[in-house]
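Inspection log for the structure reproduced underneath, given as structure tokens.
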Amino acid sequence: MPRKIIIDTDPGQDDAVGILLALASPEVEVLALTAVAGNVPLDLTSRNARIVCEIAGRSDIPVHAGCDAPLSRPLVTAEHVHGKSGLDGIALFQPASALAPGHAVDAIIDILRREPEGSVTLVAMGPLTNLATAFRRAPDIVPRLREIVLMGGAYFEVGNITPAAEFNIYVDPEAAQIVFAAGAPLTVLPLDVTHKALTSRDWIEQMRASGQVGRAVAGWTDFFERYDREKYGAEGAPLHDPCTIAWLIQPDLFAGRHINVEIETQGAFTTGMTVADWWRVTGRPANALFLRDVDRDGLFTLLGQRITGLDRR
């Protein structure tokens, strides 16, 4: 049976590739997309999620708009990385599909109460505001979760928005603190993994030649990689968010360990830091499977096979 998932997202070019991977993979069943403000404001992330579904030929997937700001902070966005639209790199269009009725937080709560206990995984590709709000409003849903899989944080790689913090956690550290403390099984794909998941020019050109969906992916990664090339001298674009879906489909591509991870919310210089006890020096109990390594070639083989398959349907 495919694993039932809800994708909470703030598309974002790499979110878009992650969504496409999920929609192309029979191992997972996407019950809904829930949009959150993050890479760009909510009106754009909720639009972008519908655009991605329509590019994949899956306008049947409900997309719910969620929280438009963090729990207690002003919203920080990342147009400097993703462009003004969040999906710069291709010609965008107004999606034909409307937003699904109801707030994303209510959709998360309703789905988790409706589906059998232990059957639904939450996949978080953006700030954790929707998840934390749902957990605070309806704590009974937490033990009903199968797992939370999220892209966020860092340890050895440290930060990409501040010297200490990764963007998704930094945008709403209070929400992250709630999610990490919730007690649900948690798998974390940090920058330590995703900065190893770099595109190559050969892979991008193979995608461009594969069809309509592949051309969209090539356009997005063409745009996306220019930031990391200029900032880090990287050879390609890090596909952060697709790693969450790849973990669900092919976990043997990744390696890590169960450790304790706490979220810094008060630091003068470290707000949003994931304090990852990799060496288990604190004695605090493990609350997350914190991944550190990825088989880059295996990951991009998986991405290429699945996403190009959407053009053959």
Side-chain angles (χ1 to χ4, degrees), residues 4-25 28-69 75 77-79 81-108 110-111 122-127 129-130 151 168 207-208 210-224 239-242 244-245 303 306-313:
K4 297 178 179 182
I5 66 173
I6 300 168
I7 299 177
D8 192 71
T9 182
D10 62 337
Q13 290 90 350
D14 56 321
D15 304 68
V17 178
I19 294 165
L20 291 174
L21 177 60
L23 296 179
S25 298
V28 296
E29 177 188 356
V30 181
L31 302 179
L33 300 184
T34 52
V36 67
N39 286 323
V40 288
L42 181 66
D43 62 328
L44 295 179
T45 62
S46 57
R47 181 203 66 172
N48 292 350
R50 288 177 286 153
I51 288 173
V52 175
C53 288
E54 292 188 13
I55 288 173
R58 292 298 307 277
S59 57
D60 58 302
I61 303 293
V63 177
H64 299 266
C67 296
D68 62 0
L75 176 65
T77 54
E79 288 90 349
V81 178
H82 298 279
K84 290 183 178 180
S85 73
L87 287 183
D88 281 20
I90 68 169
L92 297 177
F93 55 89
Q94 188 61 30
S97 55
L99 283 168
H103 195 280
V105 169
D106 294 323
I108 291 170
D110 292 345
I111 291 170
L122 285 174
V123 180
M125 299 180 178
T129 316
N130 285 342
M151 188 277 132
N168 285 346
M207 298 301 291
R208 197 186 319 277
S210 68
Q212 177 184 353
V213 180
R215 284 193 296 274
V217 170
W220 287 327
T221 50
D222 279 341
F223 181 87
F224 193 45
L239 293 188
H240 305 285
D241 294 319
T244 60
I245 303 300
L303 285 166
R306 296 300 174 86
I307 293 174
T308 57
L310 287 169
D311 278 314
R312 295 193 294 269
R313 290 183 178 179

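Treat the numbers as computed from the prediction; the structure is a model and nothing was measured. Position 1 is the first residue of the sequence; numbering continues from there.
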I need the [X] [atom1] to [Y] [atom2] distance, nearest 0.5 Å.
{"X": "Ser210", "Y": "Ile307", "atom1": "OG", "atom2": "CD1", "value": "9.0 Å"}
{"X": "Leu21", "Y": "Asp241", "atom1": "CG", "atom2": "CG", "value": "11.5 Å"}
{"X": "Met151", "Y": "Ile245", "atom1": "CE", "atom2": "CD1", "value": "13.5 Å"}
{"X": "Ile7", "Y": "Cys53", "atom1": "CD1", "atom2": "SG", "value": "8.0 Å"}
{"X": "His240", "Y": "Asp15", "atom1": "NE2", "atom2": "CG", "value": "9.5 Å"}

Next item on the list: Report the residues that fulfil side-chain contact (heavy atoms from CB on, under 4.5 Å) with Ala37, sequence neighbours left out, ordered by chain and then residue number.
Entry: Leu42, Leu75

Notebook entry, point to check: Do the side-chain N and O atoms of Ser85 and Asp88 include a donor-acceptor pair separated by under 3.5 angstrom?
Noted result: yes

Notebook entry, point to check: Arg50 and Ser97: side-chain donor and acceptor closer than 3.5 Å?
Noted result: no

Where [X] and [Y] come nearest, the two heavy atoms and their spacing:
{"X": "Val28", "Y": "Ala22", "value": "CG2-O, 3.4 Å"}
{"X": "Val36", "Y": "Pro127", "value": "CG1-O, 3.8 Å"}
{"X": "Pro95", "Y": "Arg47", "value": "CD-CG, 3.7 Å"}
{"X": "Val40", "Y": "Asn48", "value": "CG2-ND2, 4.3 Å"}
{"X": "His64", "Y": "Ala32", "value": "CD2-CB, 4.2 Å"}
{"X": "Ala35", "Y": "Ala104", "value": "O-CB, 4.3 Å"}

Is the backbone of [Y] close enough, under 3.5 Å, to the side chain of [X] for a donor and an acceptor to pair up by distance?
{"X": "Asp311", "Y": "Gln212", "result": "yes"}
{"X": "Asn130", "Y": "Cys67", "result": "yes"}
{"X": "Thr77", "Y": "Glu79", "result": "no"}
{"X": "Asn168", "Y": "Met125", "result": "yes"}
{"X": "Arg58", "Y": "Glu54", "result": "no"}
{"X": "Trp220", "Y": "Leu87", "result": "yes"}

Would a 4.5 Å heavy-atom cut-off, applied to side chains only, mark [X] and [Y] as touching?
{"X": "Ile5", "Y": "Leu31", "answer": "no"}
{"X": "Asp8", "Y": "Ile108", "answer": "yes"}
{"X": "Pro62", "Y": "Leu33", "answer": "no"}

Next item on the list: Show your reasoning for whether side-chain contact (heavy atoms from CB on, under 4.5 Å) applies to Thr34 and Thr9.
Entry: CA-CA 6 Å; Thr34 52; Thr9 182; over 6 Å; no

Note to self: Asp10 vs Thr45, test: side-chain hydrogen bond (donor to acceptor under 3.5 Å, both in side chains). Steps then yes/no.
What the structure shows: CA-CA 5 Å; Asp10 62 337; Thr45 62; over 6 Å; no

Note to self: Leu23 vs Ile61, test: side-chain contact (heavy atoms from CB on, under 4.5 Å). Steps then yes/no.
What the structure shows: CA-CA 9 Å; Leu23 296 179; Ile61 303 293; 4.0 Å; yes

Note to self: Using 30° and 60° as the class boundaries, would you call the ring planes of Phe224 and His82 parallel, tilted or perpendicular?
What the structure shows: parallel

